[in-house]
Amino acid sequence: MRRKLAAGNWKMNGTTASLSEIEKLLETHPDPACEMLICPPATLIAQMAWRCRNKHLKIGGQDCHWAASGAHTGDISAAMLADAGASHVILGHSERRTDHGETDAMVLEKTRAAWAAGLIAVVCVGETERQRDLGTTLPVVGGQLDTSLPEGCTAANTVVAYEPVWAIGTGRTPTLDEIAEVHRFMRATLVERFGDEGAGIALLYGGSVKPSNAAEIFAVADVDGALVGGASLKAADFGAIVDALAAA
Ligand code: 13P
């Protein structure tokens with residue numbers, strides 16, 4: 001049985017006032033039938049992780065540097081995230097790729113760094129609207145998987161998130177058939193490269209997931225959960241998505 005994971009990416013949102021959303025989530029979902037992860041801005045990780053110790057809500061980072069330490073002003077290492085209480089780190093999000101010029105090669109190095117610190121890497125892939133219009137979605141996603149994932153991926157150390165760039169924050173989503181096609185392709189690609197471990201790696205869909213569409217997306221084969229942006233900021237919305245996944 002693959003793990004089911006409802007992951008929230010708060011992006012550059014949230015201050016200490018937002019800790020109340022975590023409190024609410026812990027109250028309404030003390031022991032859900034799937035894993036829950038919130039990736040707040042780095043400033044909140046330690047406080048949230050402390051609040052969530054011994055609870056069924058994991059806390060993660062949104063990025064890390066590939067180096068263990070050193071002269072990298074403004075960056076955070078995987079070991080620092082782990083030290084703050086994080087268990088996961090999102091890597092290669094399209095906003096990092098666009099805003100900071102992150103390449104697949106960097107994502108690969110970051111993934112290795114995450115593992116070295118004992119973190120689970122949540123590696124993001126996905127096509128732009130133009131790439132989809134050109135009919136190149138599968139080659140683009142396949143290329144990202146090939147060059148962003150190092151050797152040594154296991155079901156325990158890696159999660160892959162498919163996030164079509166054009167679906168992020170837009171309210172638009174691919175059709176269920178389109179999601180199924182990409183997830184089937186990703187599964188086959190991972191199995192071919194990593195064998196049984198590839199069969200066990202959780203595959204998340206991300207991009208405009210909300211309470212109203214979560215159940216139908218979770219019913220798609222090889223969708224093991226979601227990476228949720230906007231709808232993860234409110235405990236009620238994220239909780240509803242967790243419920244849909246737990247019931248899937
Ligand atoms: P939205 O759910 O806001 O579309 O964001 C998706 C995302 O980028 C999660 O990482």
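When a ligand or atom number is given, it counts from 1 through the structure's own listing order. Please read these numbers as outputs of a predicted model, since none were measured by experiment.
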For ligand 1, which atoms, with element, lie under 4.0 Å from some heavy atom of A167?
4 (O)
H93-ligand 1 polar pair, N/O distance under 3.5 Å:
yes
Ligand-residue contact atoms, ligand 1 with L227, heavy atoms, under 4.0 Å
9 (C), 10 (O)
For G207, atoms of ligand 1 separated by under 4.0 Å from a heavy atom
4 (O), 6 (C)
What protein heavy atom sits nearest atom 3 (O) of ligand 1, and how far away is it?
G230 N, 2.8 Å
Looking at K110 and D63, is any side-chain nitrogen of the basic one under 4.0 Å from a carboxylate oxygen of the acidic one?
yes
Is there a heavy atom of G206 sitting under 4.0 angstrom from any atom of ligand 1?
no
Would you say that more than 12 heavy atoms from the other residues, nucleotides or ligands in this model lie under 6.0 Å from the CZ of R53, or not?
yes
Under 4.0 Å from any heavy atom of E163, which atoms of ligand 1 are there?
6 (C), 7 (C), 8 (O), 9 (C), 10 (O)
Using the side-chain hydrogen bond (donor to acceptor under 3.5 Å, both in side chains) definition, which of the options Q62, E163, E102, H100 pairs with H93?
E163
In Å and rounded to the nearest 0.5 Å, what is the CG to CG distance from L44 to N13?
10.5 Å
Ranked by distance from atom 5 (O) of ligand 1, the top protein heavy atom is K11 NZ, 3.2 Å
Partner residues of E23 under the salt bridge (Lys or Arg N to Asp or Glu O under 4.0 Å) criterion, sequence neighbours left out
R51
Starting from atom 2 (O) of ligand 1, which protein heavy atom do you reach first, and at what distance in Å?
G229 N, 2.8 Å
What part of N9 sits under 4.0 Å from ligand 1 if we count only heavy atoms: the side chain, the backbone, both or neither?
side chain
Are E21 and S18 close enough, and set up right, to give a side chain to side chain donor-acceptor pair (under 3.5 Å), and what steps lead you there?
CA-CA 6 Å; E21 296 302 321; S18 328; over 6 Å; no
Taking non-hydrogen atoms only, is S232 closer than 4.0 angstrom to ligand 1 via side chain, backbone, both or neither?
neither
Please report the C-alpha distance between H29 and D243 in whole Å, then the side-chain angles of each, then the deciding distance to 0.1 Å, and finally whether the side chain to side chain donor-acceptor pair (under 3.5 Å) criterion is met.
CA-CA 9 Å; H29 293 75; D243 291 340; 2.8 Å; yes
Lys/Arg N to Asp/Glu carboxylate O, D222 vs R187, below 4.0 Å:
yes
Close approach of G169 to ligand 1, heavy atoms, under 4.0 angstrom:
yes
